[in-house]
Amino acid sequence: MDFLVLFSFYLALLLIGGALLCICLKTRYLKGLARGGAQIFSCIVPEWLQRAMLRLLHYLFHTRNHTFIVLHLILQGMVYTEYTWEILGYCQELDFSLCYLLLPYLLLVVNLIFFTLSCVTDPGTITKANESLFLQVYEFDEVMFPKNGRCSTCDLRKPARSKHCSVCNRCVHRFDHHCVWVNNCIGAWNARYFLTYLLTLTASAAAMAVVTTVFLVRLVVLSDLHLETYVDDLGQSQVIGTVFLIQYLFLTFPRIVFLLGFVLVLSLLLGGFLCFALYLAATNQTTNEWCRGDRAWCQHCPQGAGAPSVEPRVHRNIHSHGLWSNLREIFLPAAAHYERKKK
């Protein structure tokens with residue numbers, strides 16, 4: 001019972017924390033929470049340790065490095081090693097279909113292909129040579145993306161939906177976000193690779209969770225464990241319940257049950273992020289635009305008491321042209337898309 005309660009509590013904290021983070025991203029509370037947390041942190045942690053942690057965080061999240069790529073591959077390797085070493089052998093003994101067992105490996109191969117493409121593909125770097133072309137692709141809404149904006153770092157005119165990435169030190173067309181896991185920006189030219197990578201990663205975690213769950217359920221059924229009884233503290237005979245079965249399986253197959261818990265949590269987290277990414281793709285938005293959407297109008301609000309009464313212009317998504325058109329814009333080859341825009 002203790003294990004099940006702790007695991008449920010851990011899962012609930014992860015889900016609630018993720019939901020609160022998403023809510024805070026769309027409000028102004030995030031900066032206040034971060035500032036308050038930093039003040040508490042500075043009072044507790046020694047100054048030398050704060051400096052070391054800040055240097056480490058700056059290296060990890062504000063410079064291009066391969067740390068998270070290596071970590072990603074190590075975690076993926078460990079999960080698949082455990083799956084191969086433990087579950088695959090047991091499932092073969094229980095006469096599972098080979099196609100069913102090999103599905104996670106097929107998804108792994110596809111996932112690694114699109115992971116590599118997400119890492120190495122140019123996301124849409126804006127240069128002097130292609131600046132004029134990118135300026136013609138999207139309309140300027142004059143709220144979030146003013147027409148005559150310039151990048152102070154690159155000294156280039158800023159096409160609509162572009163943003164300068166401080167990590168990569170370049171302006172990226174249709175900038176979505178900088179992903180540390182692929183050590184690259186996600187932009188116009190690699191968004192389709194990233195979405196497919198995210199989809200196959202979620203599917204592989206879910207497939208592994210399904211195979212592991214079916215294996216444990218079949219094991220319980222074949223051994224008639226669910227029909228067994230035990231004597232409780234009052235000396236009465238009780239039928240083994242679900243909680244007791246989970247504890248028994250955890251004590252008998254600790255690595256397999258831990259793996260199942262890990263891939264279940266991973267499937268839920270990745271699934272939530274995938275749904276969010278697909279929503280943005282279907283509505284032709286980027287993560288950058290979604291985060292800035294509620295705040296964009298503030299740049300045009302009248303300042304000071306003596307300012308003229310001007311109705312603030314609220315940001316509207318002017319780039320959405322229907323579901324299939326939005327998806328086609330992302331998944332069709334980018335070169336053909338821009339060639340059509342150029343004509």
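The figures that follow rest on heavy atoms only: side chains count, while hydrogens, waters and symmetry mates do not.
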**Request:** Show the numbers, then the answer: is there a side chain to side chain donor-acceptor pair (under 3.5 Å) between Ser320 and Asn326?
**Result:** CA-CA 6 Å; Ser320 180; Asn326 294 340; 3.0 Å; yes
**Prompt:** Does the Asn288 side chain pair with the main chain of Asp176, one donor and one acceptor, at a distance under 3.5 Å?
**Reply:** no
**Prompt:** Relative to the ring of His319, is the ring of Tyr138 parallel (under 30°), tilted (30 to 60°) or perpendicular (over 60°)?
**Reply:** perpendicular
**Message:** Between Ser162 and Lys158 (side chain of the first, backbone of the second, donor and acceptor by atom type, cut-off under 3.5 Å), is there such a pair?
**Reply:** no
**Request:** Look only at the side chain of Gln285 and the backbone of Ala281, and say whether a donor-acceptor pair between them is shorter than 3.5 Å.
**Result:** no
**Request:** Look only at the side chain of Asn65 and the backbone of Thr63, and say whether a donor-acceptor pair between them is shorter than 3.5 Å.
**Result:** yes
**Item:** Test side chain to side chain contact (heavy atoms under 4.5 Å, CB included) applied to Asn190 and Leu117, step by step
**Value:** CA-CA 8 Å; Asn190 66 349; Leu117 288 171; over 6 Å; no
**Request:** Let me see the working for His173 and Arg161 under side chain to side chain contact (heavy atoms under 4.5 Å, CB included), right down to the final yes or no.
**Result:** CA-CA 7 Å; His173 184 56; Arg161 313 190 77 183; 5.5 Å; no
**Asked** Any idea how Phe114 and Tyr193 line up, ring-wise: parallel (<30°), tilted (30 to 60°), or perpendicular (>60°)?
**Response** tilted
**Prompt:** Between the side chains of Ser204 and Tyr105, does any donor sit under 3.5 Å from an acceptor?
**Reply:** no
**Prompt:** Phe276 and Trp290: aromatic ring centres closer than 6.0 Å?
**Reply:** yes
**Asked** Do the charged groups of Glu131 and Arg157 touch, with an N to O distance under 4.0 Å?
**Response** no
**Prompt:** Where does the angle between the aromatic ring planes of Tyr80 and Tyr83 fall among parallel (under 30°), tilted (30 to 60°) and perpendicular (over 60°)?
**Reply:** perpendicular
**His321, NE2: over 12 other non-hydrogen atoms inside 6.0 angstrom** = yes
**Request:** May I ask you to establish whether Arg174 and Phe134 are in a cation-pi arrangement, using a distance under 6.0 Å from NZ or CZ to the six-membered ring centre and at most 45° from the ring axis?
**Result:** no
**Request:** Hey, can you tell me if Phe68 and Phe61 have their rings parallel, tilted or perpendicular (30° and 60° cut-offs)?
**Result:** tilted
**Prompt:** Cluster partners of Val172, using ILVMFWY side-chain heavy atoms under 4.5 angstrom, listed by chain and number?
**Reply:** Phe175
**Prompt:** Shared ILVMFWY cluster between Leu259 and Leu103, side chains joined below 4.5 angstrom?
**Reply:** no
**Request:** Could you tell me whether the side chain of Glu142 and the main chain of Lys147 form a donor-acceptor pair under 3.5 Å?
**Result:** yes
**Request:** Check the pair Tyr90 / Ile256 against side chain to side chain contact (heavy atoms under 4.5 Å, CB included), numbers first and verdict last.
**Result:** CA-CA 11 Å; Tyr90 283 127; Ile256 293 178; 4.0 Å; yes
**Message:** Between Arg64 (side chain only) and Asn183 (backbone N and O only), is there a donor and an acceptor less than 3.5 Å apart?
**Reply:** yes
**Asked** Is the His72 ring parallel, tilted or perpendicular to the Tyr197 ring (thresholds 30°, 60°)?
**Response** tilted
